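This report refers to the structure that appears directly beneath it.
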Amino acid sequence: MTPGADLRVRILVLSDRCARGEREDRSGPALAAWLDGRGVDAAPPVTVLPDDQARIAAWLRTTCEEGSCDVILTCGGTGVARRDLTPEATRSVVEIELPGFGEAMRAAGRASQLRAIIGRGLAGLRRGVLVINLPGSPGAAVENLAAVWPAVAHTVAKAQGDQKPCGES
C-alpha cells in the first residue's frame, strides 16, 4: 500500500472569484487528481469558500472537531495580497504549528520560482487533524504538497497517538 493511502483528506479552496462563480477552480481538482494517483481518496468534493478569515477559521475548526478527516489541504490565500488571510485563519485554529512544513514547501517552490519566497503557507495540528496551507495555483499547490507528502502519514499517526519510536513507524 502507498504511504498515506488510508488517510482521509478534505480539500478547501479559498478564492473570492471561485466562490462567486466568476472563475472555475482548477487547484482543488489538481490536488484531488494528485492524491488519487497515490491511492488517496479526497472526499467529499472540494469545498470552496471566499477569502474571509472568520469563515475559513470556522470551517477548519468544525471540520477538525467532527472527526471526518485526518488531513485538510487548504489551497489559496497564502500570498501577500490584502485578502490573503488563510495563514491567519489557520493559525487561529491549530493547537500546534509545524514550521518545517512551510519551510519545506517554500524551499521546493523556490527551486522553480523565485516568487515562492513570499508564500506564507503553514501547517499545524488540531485534535489530531493535520492542516496544510498550499498556494492557490494548481502547479504550485501540487508541487508544495509533493514536497511535504512523505511526512504526512507519520505526522498524522503521531498526532493521533502512535506510540512507536519514530524509527519504527
Side-chain angles (χ1 to χ4, degrees), residues 7-36 40-106 108-110 113 115-149 152 155-156 159:
L7 292 172
R8 299 169 301 153
V9 179
R10 299 277 309 266
I11 299 172
L12 173 63
V13 172
L14 295 313
S15 167
D16 287 333
R17 288 182 278 176
C18 289
R20 288 190 303 256
E22 296 170 3
R23 182 176 67 189
E24 179 183 353
D25 168 42
R26 295 183 306 120
S27 299
L31 288 168
W34 188 90
L35 290 165
D36 186 58
V40 180
D41 183 24
V46 173
T47 300
V48 179
L49 290 178
D51 294 301
D52 178 279
Q53 185 174 346
R55 285 184 68 183
I56 297 165
W59 189 93
L60 290 172
R61 191 174 294 107
T62 299
T63 305
C64 287
E65 292 173 5
E66 71 188 11
S68 64
C69 65
D70 303 302
V71 179
I72 297 172
L73 303 176
T74 72
C75 186
T78 60
V80 296
R82 183 179 57 82
R83 298 276 295 162
D84 288 340
L85 299 171
T86 304
E88 287 76 13
T90 301
R91 194 170 277 121
S92 76
V93 170
V94 298
E95 299 157 331
I96 300 171
E97 200 166 319
L98 302 168
F101 277 76
E103 293 164 7
M105 291 187 297
R106 280 182 286 282
R110 173 65 177 90
Q113 176 60 255
R115 290 179 286 197
I117 64 173
I118 67 171
R120 300 182 312 115
L122 59 90
L125 295 161
R126 180 179 181 94
R127 297 198 178 180
V129 177
L130 176 60
V131 180
I132 304 172
N133 297 157
L134 301 168
S137 80
V142 168
E143 177 180 70
N144 278 231
L145 180 57
V148 298
W149 189 253
V152 169
T155 303
V156 169

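These figures come from a predicted structure and were not determined experimentally. Numbers here simply count residues along the sequence, with the first being 1. Computed from heavy atoms alone, side chains included, the values below leave out hydrogens, waters and symmetry copies.
- Listed by chain and residue number, Arg20 satisfy the salt bridge (charged side-chain N to carboxylate O under 4.0 Å, His left out) test with Glu22 (two or more places apart in sequence, or in another chain).
- Of all the heavy atoms in Cys69 and Val129, the pair that sits closest is O-CG2, 3.4 Å.
- Remark: Ala19 pairs with Val48, Pro50 by the side-chain contact (heavy atoms from CB on, under 4.5 Å) rule, at least two apart or across chains.
- For Arg8, the side-chain hydrogen bond (donor to acceptor under 3.5 Å, both in side chains) test picks out Asp70, with sequence neighbours left out.
- When all heavy atoms of Val131 and Cys64 are compared, the pair lying nearest together is CG2-SG, 4.0 Å.
- Contact record, Arg106 with Ala116: CG-O, 3.7 Å, taken as the closest heavy-atom pair.
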Please tabulate, for side-chain N and O atoms in residues 132-140, each donor-acceptor pair with protein atoms closer than 3.5 Å (sequence neighbours left out).
residue: Asn133; atom: OD1; partner: Thr90; partner atom: OG1; Å: 3.4
residue: Asn133; atom: ND2; partner: Thr74; partner atom: OG1; Å: 2.8
residue: Asn133; atom: ND2; partner: Thr90; partner atom: OG1; Å: 2.9
residue: Ser137; atom: OG; partner: Ala140; partner atom: N; Å: 3.2

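- Glu95 is linked by a side-chain contact (heavy atoms from CB on, under 4.5 Å) to Arg126, Arg127, counting only residues two or more places apart in sequence or in another chain.
- Shown here for Ala42 and Leu35, the closest heavy-atom pair between the two residues is CB-CD1, 3.8 Å.
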Quick one: do Arg10 and Thr47 satisfy side chain to side chain contact (heavy atoms under 4.5 Å, CB included)? Show the steps, please. CA-CA 8 Å; Arg10 299 277 309 266; Thr47 300; 3.8 Å; yes

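- Applying the ring pair (Phe, Tyr, Trp, His ring centres under 6.0 Å) rule to Trp34 yields the partners Trp149; only residues at least two apart in sequence or on another chain are considered.
- Taking each heavy atom of Ala147 and Ala104 in turn, the nearest pair found is CB-O, 4.0 Å.
- Screening residues 44-58 for salt bridge (Lys or Arg N to Asp or Glu O under 4.0 Å), with sequence neighbours left out, gives no hits.
- Pairs passing the salt bridge (Lys or Arg N to Asp or Glu O under 4.0 Å) check and including a residue from residues 81-94, sequence neighbours excluded, read Asp16-Arg83, Glu88-Arg120, Arg91-Glu97.
- With rounding to the nearest 0.5 Å, the separation of CD1 in Ile11 from OG in Ser27 is 10.0 Å.
- Residue Ile118 holds its CD1 atom at 12.5 Å from CZ of Arg110, rounded to the nearest 0.5 Å.
- Contacts of Arg61 classified as side-chain hydrogen bond (donor to acceptor under 3.5 Å, both in side chains), with partners at least two apart in sequence or in another chain: none.
- In this structure, Thr63 has no side-chain hydrogen bond (donor to acceptor under 3.5 Å, both in side chains) partners at least two apart in sequence or on a different chain.
- Atom CG of Leu14 is separated from atom OG1 of Thr86 by 3.5 Å, given to the nearest 0.5 angstrom.
- Scored by the side-chain contact (heavy atoms from CB on, under 4.5 Å) test, Thr62 finds Glu66 as partners (sequence neighbours excluded).
- For Glu143, the side-chain hydrogen bond (donor to acceptor under 3.5 Å, both in side chains) partners two or more places apart in sequence, or in a different chain, are Ser112.
- When all heavy atoms are compared, the tightest approach of Val93 to Ala57 is CG2-O, 3.5 Å.
- With rounding to the nearest 0.5 Å, the separation of CG in Leu12 from SG in Cys75 is 9.0 Å.
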Audit row: Leu130, Val152, side chain to side chain contact (heavy atoms under 4.5 Å, CB included) steps and yes/no: CA-CA 8 Å; Leu130 176 60; Val152 169; 4.0 Å; yes

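- Asp36 has its side chain out of reach of Asp41: every pair of non-hydrogen atoms, C-beta onward, lies at least 4.5 Å apart.
- Other residues, nucleotides and ligands place no more than 12 heavy atoms under 6.0 Å from the CZ atom of Arg26.
- The line from CG of Leu49 to SG of Cys18 is 11.5 Å long, rounded to the nearest 0.5 Å.
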